[in-house]
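Encoded as structure tokens, the structure appears first; notes follow it.
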Amino acid sequence: MSDQNTGAQASPEGGGEPIPVMQRILDNPFLLVFLGVTIPSVFYILWGVMEVLAIPNAP
Amino acid sequence: MTTALFRTCPDTGFKIDLKVDKLIKWNAVTAIVFLMVGGVFGLGVAMTRWPAVHLLPADWFYLALTAHGVDVLLVWLIFFEMALLYFCSAILLNSRLAAPKVAWVQYGMMLVGALITNVAILQGDSSVMFTSYVPMKAAPAFYLGIILFAVGALMGCFVFLGTLYIAKKEKTYEGSIPLVTFGALTACIIAIFTIGAGAVILIPTLLWSMDFINYIDPLIYKVIWWALGHASQQVNVAAHISVWYAIAAILFGAKPLSEKVSRTAFFLYILFLQLASAHHLLVDPGLSSEYKIFNTSYALYLAVLASMIHGLTVPGAIEAAQRKKGYNKGLFEWLRKAPWGNPVFSGMFLSLNMFGFLGGISGVMMGTEQLNIIIHNTIYVPGHFHGTVVVGTTLAFMAFSYWLVPTLWQRELVFPKLAKWQPYLFGLGMGMVSVLMMGAGTLGVPRRLWDMSYSDAAMPYEFPAAAFLMMGLNGVFALVAGVGAIIFIVQMVGTVMWGKKKVPAAAAPETAAAPAAPARTPEASAVSSYGSAGTMEVPGTFVLALIFLVTFMLYYFVNWKYLSSVWGLS
Ligand code: HEM
Ligand SMILES: [Cu+2]
């Protein structure tokens, strides 16, 4: 048995039923870390810093 | 190579890695000590803002305010959250802890960092408030301590993730992680973002205070600092919501109404909650409305939705569990017959309600771009966050401590009678502090202001008498809450040091076979497994939710009306 929940895989109960996509996402902490760090970095920090840098200097 | 040693908790049947046991204890106790220190400074601040008392001189006021913010908001909460992360990973997943040595580095760095920053503040040249906006400059040690503290916390996050990983690999649990652990994972993820952002801004600021860098743009500082400042509050929210779920499970054996829905709500937090950092910049020029509105409205409302889901499903889970036990009369028998004398329950339930009604509603109002100006930089803002981070998070953590400390140490509470009252004293006292600060803020009283009578100001200004009255009452209720806080601390420290040892009740039938580990109690397995309550029949909770929504809407619209009268220019 693989030790990580990546790729299509039978449910642990062995019922052969595929695990739903959403559950696979929620079961993958490292994917969640990635999403939780990039989204705010882009929409909040990067976008914000770019707007501040675009303010023209006072003459 | 699993060298971990375990003991089995006689109360719950949890298998506890001895190293985790120690780590949780040290982190929790240290947290409580800093709550005490920060609370004393908080009382000093409240007594100074009580106009008739006006306790501290100006320089001490700002020193105390800085220390208060740092010690309670950062040190108390984050130390406690480290204890929670270890509890939710190793203990709930039945696993050993990944890298206990790293966890001790976490503890050491956080402690040393907190001490360094406290010393810097007490030396008097770092009264820059916990936000430390540039160009105000603190001593280098102030920033250095916070950086050490944050890196320590980051280590704790990695140990948590590592433990999730090895628990999965060593198959100590089946299927998905329990909801409470998922909530802790949410907190951990937001913490990683928080600390990353903190490093990006505080390291240059440290270098600037040491004169290696000569300029830091104040607006860039604000943008990046609030990624730290705001997101760390979302760590608190995710953590205390996990605690609500944990307490519902531990006291009632309650399962969430729907695992899927609750998990999705946490997922919305991971995606969107941190964007709301922009609500701290709503009146700053230089940032576009698109930026402000996207980050504080469109995206954030998804996160607000998630909070309302948790607010509905936690009492819903309790109602479902209580009805199963037969408390079925009318809409509210399940609630009336709840253990209101047990501080674990009363603290948690007060936290849930006051977080929603005081912190939540005011937060959505303030986070609306147009409305923010009504209360910006007034004492309404501390009013709001004493409704989130104090009656919400702090009270939830206190409630959890009433379970955690006696269970881990296997000792009885020292003053059980007093414990019954403590959540009401602290919770309701603090609730009033929150309401009164919001009231005074609505009348325009600024936050972080030493003298609201402006007696030595060049341009006099007079607030209405009601504002003075509210700030005085605020002082009175701060004292009530202070008594509540002292009782909590005495209770915890007393229990750890002098609490009567519990008699292991589970040891009764000492039969032939090897000392079989007691099975997990139903409550313990409710908190540590995946699964839903399997019912949506919670009419009482729906009525409560309706009351909440109506209050919310009324308050929101009243503020739009109020907005039209703010600019009384003539
Ligand atoms: C006995 C308990 C407490 C009392 C009496 C108290 C009272 C106050 C008062 C009066 C202010 C000052 C508002 C101003 O002048 O701007 C304040 C600020 C603050 N409080 Fe508390 N508080 C208490 C507990 C807490 C706790 C437990 C937390 C966090 C978990 C907290 C977080 C804060 C923060 C972050 C500030 C803002 C500091 C700043 O503006 O830099 N407080 N508190
Ligand atoms: Cu915020």
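Keep in mind it's a predicted model, so treat the numbers as computed, not measured.
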Evaluation steps, side-chain contact (heavy atoms from CB on, under 4.5 Å), between B:Ile270 and A:Ile39: CA-CA 9 Å; B:Ile270 295 174; A:Ile39 294 177; over 6 Å; no
Measure [X] against the heavy atoms of chain A and call it side chain, backbone, both or neither at under 4.5 Å.
X: B:Phe294; answer: side chain
X: B:Phe182; answer: side chain
X: B:Leu271; answer: both
X: B:Asp284; answer: neither
X: B:Leu281; answer: side chain
X: B:Ile190; answer: neither
X: B:Glu290; answer: both

Chain B contact via A:Ile55 - side chain, backbone, both or neither, heavy atoms under 4.5 Å: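 The answer is the side chain of A:Ile55.
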A:Thr38 versus chain B, the contacting section by heavy-atom distance below 4.5 Å: neither
Short side-chain to backbone donor-acceptor contact, B:Tyr291 and A:Tyr44, under 3.5 Å: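 Judged by distance alone, yes, a pair lies under 3.5 Å.
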Heavy-atom side-chain contact between A:Leu35 and B:Ile189 under 4.5 Å: no
Flag side-chain contact, heavy atom, 4.5 Å: B:Phe267 against A:Met22: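 In short, these two side chains touch, coming nearer than 4.5 Å.
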Over all atoms of both residues, closest heavy-atom pair of A:Pro40 and B:Phe193: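 Looking at all heavy atoms of both residues, the shortest contact is CB-CZ, 3.5 Å.
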Nearest heavy-atom neighbours spanning A:Ile45 and B:Val223: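 What the structure gives for the nearest pair is O-CG1, 4.4 Å.
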Over 12 foreign heavy atoms within 6.0 Å of CZ, A:Phe43: no
Residues, nucleotides or ligands: over 12 heavy atoms within 6.0 Å of B:Tyr133 OH: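 Yes, enclosed.
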Quick one: pull up [atom1] in [X] and [atom2] in [Y] and give me the separation to the nearest 0.5 Å.
X: A:Gln23; Y: B:Lys260; atom1: CD; atom2: NZ; value: 8.0 Å
X: B:Ser176; Y: A:Ile19; atom1: OG; atom2: CD1; value: 7.0 Å
X: A:Met50; Y: B:Leu287; atom1: CE; atom2: CG; value: 12.5 Å
X: A:Leu26; Y: B:Glu259; atom1: CG; atom2: CD; value: 10.5 Å

Contact winner vs chain A - B:Leu219, B:Val200, B:Leu273, heavy-atom pairs under 4.5 Å: B:Leu219
